[in-house]
Asks: 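Attaching a single structure in structure tokens format; questions to follow.
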Amino acid sequence: MEVVRDLRAPWRGEVLDAGAGCGSFALTVATLGPYTVYAVEPDPEHSAALSANVSANRDVLLGDVLPLECGIEDFRRPVDEVLTDPPWGLRSGISRTPDLEFVLSFLDACVDVLRPKTGRLVTRCPPEFIDDIVDHMSERGYLLDRVKRRHKAAVLVLRSEDHRDYYDDRESAVAAAGGQVLVAWEDGELDPEADRYSLVTPYESGWHVWEVPNTDRIREFLKGFLKGG
């Protein structure tokens, strides 16, 4: 769930789970709040399992998961955030090893549907592709926020260079916050009486402010970002 952990979509925003599989990302997002999650999955068997999982979990969802049996190249609706564990070419018929051009083409299709003022892309990728993906995305106007390296897979967070919720320094981000300020990875305690929370997160490309209301599930989610939480 590392990909979902980096979710910073606007509250009530629209999220795309590209290559949704059975829906683990999409369902997790929709349990957090009133997001509209488009779950794109071209494989008929996985798509059927996705629809079944949505139906089975409908009682615990706070948002809407809309399963779509199609490829990313057929999805055209603008969204605020894309979460994806893209195919690396392994099942594409191209090769038996990760294929860089296939991955870049897939991520290009993801970026094509992102809104420029709120656009963020959170993706897993082969570690050996990190530099190529970052260079390629910079040409598309997307800046690297964060890299989590793992032996077999890495997680990249990239955001639009025009994103409205990023600031140059900590002070500016804190000043822009509209709720109880919580700075990620620092000491903090959630005020249970707060109307809303402002999670201020330091990234490589700037300081991001994520405004969310006070709900039970959001409080549990935010605790994971606080030191000692």
Side-chain angles (χ1 to χ4, degrees), residues 1-16 25 28-37 62-63 78-84 110-111 114-124 130 133-134 137-138 140-149 154-229:
M1 287 294 99
E2 285 182 290
V3 171
V4 175
R5 185 180 174 83
D6 279 296
L7 174 79
R8 299 290 188 279
W11 197 245
R12 298 186 184 277
E14 294 181 302
V15 178
L16 171 63
F25 292 170
T28 303
V29 172
T31 61
L32 281 177
Y35 293 107
T36 298
V37 187
L62 301 178
V79 296
D80 302 298
E81 195 138 336
V82 175
L83 308 178
T84 184
C110 292
V111 167
L114 283 170
R115 295 186 174 105
K117 297 296 183 182
T118 54
R120 293 176 80 251
L121 170 66
V122 186
T123 180
R124 293 178 80 243
I130 291 174
I133 292 173
V134 171
M137 287 296 131
S138 69
R140 297 291 313 269
Y142 276 74
L143 306 177
L144 176 66
D145 261 357
R146 175 176 165 124
V147 179
K148 295 181 188 176
R149 298 177 184 269
V155 176
L156 299 183
V157 182
L158 302 112
R159 58 93 168 180
S160 166
E161 60 188 7
D162 298 323
H163 202 293
R164 67 189 181 196
D165 296 325
Y166 280 78
Y167 300 86
D168 291 337
D169 52 63
R170 185 184 192 279
E171 292 72 20
S172 298
V174 169
Q180 182 197 355
V181 176
L182 304 165
V183 181
W185 327 129
E186 294 185 8
D187 289 320
E189 187 172 337
L190 292 157
D191 178 0
E193 302 301 320
D195 291 329
R196 58 176 169 160
Y197 302 110
S198 302
L199 181 66
V200 177
T201 309
Y203 284 112
E204 291 191 26
S205 72
W207 291 75
H208 183 265
V209 180
W210 189 41
E211 303 279 359
V212 287
N214 181 351
T215 70
D216 291 343
R217 293 182 188 177
I218 283 294
R219 283 199 304 275
E220 287 304 309
F221 189 65
L222 293 177
K223 285 178 183 178
F225 296 93
L226 301 177
K227 191 175 180 180

Asks: Quick one: ring pair (Phe, Tyr, Trp, His ring centres under 6.0 Å) partners of Tyr166, sequence neighbours excluded?
Replies: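 For Tyr166, the residues satisfying ring pair (Phe, Tyr, Trp, His ring centres under 6.0 Å) (neighbours in sequence not counted) are His163, His208.
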Asks: Is Lys227 close to Glu186 at the side-chain level, that is, under 4.5 Å between some pair of heavy atoms?
Replies: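 No, side chains not in contact.
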Asks: State, with a plain yes or no, whether a side-chain heavy atom of Leu222 is found less than 4.5 Å away from one of Val212.
Replies: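 Contact flag for Leu222/Val212 side chains = yes.
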Asks: Apply salt bridge (Lys or Arg N to Asp or Glu O under 4.0 Å) to Asp165 and list each qualifying residue two or more places apart in sequence or on a separate chain.
Replies: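 Residues passing salt bridge (Lys or Arg N to Asp or Glu O under 4.0 Å) with Asp165: none at all.
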Asks: About how many Å separate CD1 of Ile133 and CG of Leu144, when rounded to the nearest 0.5 Å?
Replies: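 So the gap between those two atoms works out to 10.5 Å.
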Asks: Please report the interatomic distance CG(Leu121) to CG(Leu156), rounded to the nearest 0.5 Å.
Replies: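 Those atoms lie 8.0 Å apart.
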Asks: List in chain and number order the residues that pass side-chain hydrogen bond (donor to acceptor under 3.5 Å, both in side chains) with Lys148, two or more places apart in sequence or in another chain; answer none if no residue qualifies.
Replies: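 side-chain hydrogen bond (donor to acceptor under 3.5 Å, both in side chains) list for Lys148, sorted by chain: Asp6.
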Asks: Can you check whether Tyr203's main-chain N or O pairs, donor with acceptor, with Arg146's side chain at less than 3.5 Å?
Replies: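 No, because the side chain of Arg146 does not come within donor-acceptor range (under 3.5 Å) of the backbone of Tyr203.
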Asks: Are Leu7 and Leu83 close enough that some pair of their side-chain heavy atoms sits under 4.5 Å apart?
Replies: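 Leu7 vs Leu83: side chains touch.
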Asks: Please list, chain by chain and in numerical order, all residues satisfying salt bridge (Lys or Arg N to Asp or Glu O under 4.0 Å) with Glu161, sequence neighbours excluded.
Replies: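 Salt bridge (Lys or Arg N to Asp or Glu O under 4.0 Å) check on Glu161 returns nothing, list empty.
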Asks: Okay, side chain of Asn214, backbone of Pro192: is any donor-acceptor separation there less than 3.5 Å?
Replies: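 A pair under 3.5 Å: yes.
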Asks: Flag the pair Leu226 / Asp187 as yes when at least one side-chain heavy-atom distance between them is below 4.5 Å, and no otherwise.
Replies: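 No - every pair of side-chain heavy atoms lies 4.5 Å or more apart.
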Asks: Is the side chain of Gln180 donor-acceptor paired with the backbone N or O of Ala194 at a distance under 3.5 Å, no angle test?
Replies: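 No, because the side chain of Gln180 does not come within donor-acceptor range (under 3.5 Å) of the backbone of Ala194.
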Asks: Can you see which heavy atom on Leu32 is nearest to which on Leu62, and at what distance?
Replies: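 Scanning both residues, the minimum pair turns out to be O-CD1, 3.7 Å.
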Asks: Give the minimum heavy-atom separation between Val209 and Ala173, together with the two atoms involved.
Replies: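 Heavy-atom minimum between the residues: CG2-O, 3.5 Å.
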Asks: Apply side-chain hydrogen bond (donor to acceptor under 3.5 Å, both in side chains) to Ser172 and list each qualifying residue two or more places apart in sequence or on a separate chain.
Replies: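 Expected list: Asp169.
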Asks: Excluding sequence neighbours, so at least two apart, what forms side-chain hydrogen bond (donor to acceptor under 3.5 Å, both in side chains) with Thr118?
Replies: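 Thr118 satisfies side-chain hydrogen bond (donor to acceptor under 3.5 Å, both in side chains) with Asp80 once adjacent residues are dropped.
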Asks: Report the distance from atom CZ of Arg140 to atom OG of Ser160, rounding to the nearest 0.5 Å.
Replies: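 Taking CZ in Arg140 and OG in Ser160, the distance rounds to 11.0 Å.
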Asks: Could you check if a side-chain atom of Leu114 sits within less than 4.5 angstrom of a side-chain atom of Arg120, using non-hydrogen atoms only?
Replies: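 In short, these two side chains do not touch, never coming nearer than 4.5 Å.
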Asks: Considering residues at least two apart in sequence or located in another chain, which fulfil the ring pair (Phe, Tyr, Trp, His ring centres under 6.0 Å) criterion with Tyr35?
Replies: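 So Tyr35 forms a ring pair (Phe, Tyr, Trp, His ring centres under 6.0 Å) with Trp11.
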Asks: At their closest point, which heavy atom of Val122 faces which heavy atom of Val155, and how far apart are they?
Replies: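 Heavy atoms of Val122 and Val155 come nearest at CG1-CG1, 4.1 Å.
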Asks: Check ring pair (Phe, Tyr, Trp, His ring centres under 6.0 Å) between Phe225 and all other residues, then give those that pass, not counting sequence neighbours.
Replies: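 If we apply the ring pair (Phe, Tyr, Trp, His ring centres under 6.0 Å) test to Phe225, skipping adjacent residues, the hits are Trp185, Phe221.
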Asks: Who passes salt bridge (Lys or Arg N to Asp or Glu O under 4.0 Å) against Arg124, sequence neighbours left out?
Replies: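 Residues passing salt bridge (Lys or Arg N to Asp or Glu O under 4.0 Å) with Arg124: Asp85.
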Asks: If the condition is side-chain hydrogen bond (donor to acceptor under 3.5 Å, both in side chains), which residues does Glu189 pass it with, not counting sequence neighbours?
Replies: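 Glu189 satisfies side-chain hydrogen bond (donor to acceptor under 3.5 Å, both in side chains) with no other residue.
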Asks: Between Val4 and Val29, does a side-chain contact (heavy atoms from CB on, under 4.5 Å) hold up when you go through it step by step?
Replies: CA-CA 7 Å; Val4 175; Val29 172; 4.2 Å; yes
Asks: With a 3.5 Å distance limit and no angle check, can you tell me whether Ser198 reaches the backbone of Gly178 through a side-chain donor-acceptor pair?
Replies: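 The answer is yes, because a donor-acceptor pair under 3.5 Å joins these two groups.
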Asks: For Arg8, what residues pass the salt bridge (Lys or Arg N to Asp or Glu O under 4.0 Å) criterion, not counting sequence neighbours?
Replies: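 Arg8 satisfies salt bridge (Lys or Arg N to Asp or Glu O under 4.0 Å) with no other residue.
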Asks: Quick check: do Thr201 and Trp210 have side-chain heavy atoms less than 4.5 Å from each other?
Replies: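 SC-SC contact between Thr201 and Trp210 ruled out.
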Asks: For the atom pair OG1 (Thr36) and CZ (Arg12), what is the distance rounded to the nearest 0.5 Å?
Replies: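 Spacing of OG1 (Thr36) from CZ (Arg12) equals 9.5 Å.
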Asks: How many angstroms lie between atom CG of Leu158 and atom CG of Leu143, to the nearest 0.5 angstrom?
Replies: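 One finds 8.5 Å between CG of Leu158 and CG of Leu143.
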Asks: For residues 198-218, which residue pairs qualify under salt bridge (Lys or Arg N to Asp or Glu O under 4.0 Å), counting only residues two or more places apart or in two chains?
Replies: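 Applying salt bridge (Lys or Arg N to Asp or Glu O under 4.0 Å) to every pair that reaches into residues 198-218, excluding sequence neighbours, yields Arg196-Glu211, Asp216-Arg219.
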